Amino acid sequence: MNVDDPKLDRLFQLYGKCCPEVEPSANFMPVIWQRIEARRSFSLTFQRVARALATISVGLGLLLAGLNMAGAKRGIIAPTYADALAADHTVEKTYYTEAIRPIPPTDSIFAEYK
């Protein structure tokens, strides 16, 4: 490659005319950092809020899972709506249906016919 290429010299001259050199002042670096921080402030705020919400949701999920496990060990978990519907169509009734509609004793059914 030839170092004395006239086309390359002409390109550098045109580049120098298009992009004049700027003399930095005493406030050059602080102004640049202010511009950078102004552009990044929204994204940093959004990232912080997103991380906080993710942390809170993980903590809440662990808390609910722990409460669910503790309730299962004690046997205090109530049947679900699907369990109640399934029990309503079977011979066996859950304690929810018995509490709402008590089954009368068999003696009282035949008491009228005696």
Side-chain angles (χ1 to χ4, degrees):
M1 180 174 181
N2 190 358
V3 179
D4 296 326
D5 189 11
K7 291 181 182 177
L8 186 60
D9 290 338
R10 179 74 181 141
L11 179 66
F12 285 146
Q13 287 174 358
L14 289 173
Y15 178 76
K17 288 179 185 176
C18 293
C19 303
E21 292 184 22
V22 179
E23 291 293 324
S25 65
N27 292 331
F28 179 72
M29 288 305 288
V31 170
I32 286 183
W33 280 110
Q34 286 175 356
R35 289 181 184 171
I36 291 171
E37 291 298 324
R39 289 181 185 173
R40 294 178 62 195
S41 66
F42 175 73
S43 63
L44 288 177
T45 303
F46 183 73
Q47 286 178 358
R48 287 180 186 148
V49 170
R51 287 180 185 157
L53 288 175
T55 304
I56 290 170
S57 64
V58 166
L60 184 62
L62 289 174
L63 176 70
L64 291 175
L67 290 174
N68 193 12
M69 298 290 245
K73 288 181 182 175
R74 293 183 193 153
I76 58 172
I77 294 180
T80 63
Y81 181 70
D83 294 335
L85 286 177
D88 194 35
H89 298 305
T90 61
V91 176
E92 300 174 350
K93 302 291 183 182
T94 61
Y95 60 90
Y96 275 127
T97 57
E98 290 175 3
I100 295 170
R101 253 181 315 160
I103 299 173
T106 55
D107 296 339
S108 65
I109 295 174
F110 300 107
E112 298 175 13
Y113 301 108
K114 288 184 180 180

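Just so it is clear, the structure is predicted and the values come from calculations on it, not from any experiment. Nothing fancy with the numbering, it's 1 onward along the sequence.
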**Complete:** Taken to the nearest 0.5 Å, the spacing of Asn27 CG from Gln34 CD works out to 8.5 Å

**Partner set under side-chain contact (heavy atoms from CB on, under 4.5 Å) for Ile36, not counting sequence neighbours** = Ile32, Trp33, Arg40

**Request:** Under the side-chain contact (heavy atoms from CB on, under 4.5 Å) rule, collect the residues that match up with Gln47, sequence neighbours excluded.
**Result:** Leu44, Arg51

**Item:** Co-members of Val58 in a cluster of I, L, V, M, F, W and Y side chains, linked at under 4.5 Å
**Value:** Leu62

**Qualifying residues under side-chain contact (heavy atoms from CB on, under 4.5 Å), relative to Leu14, sequence neighbours excluded** = Arg10

**Fill in**
Tracing side-chain contacts under 4.5 Å among Ile, Leu, Val, Met, Phe, Trp and Tyr outward from Val31 reaches none

**Request:** Hey, could you give me the OH/CG distance between Tyr15 and Leu8, rounded to the nearest 0.5 Å?
**Result:** 13.5 Å

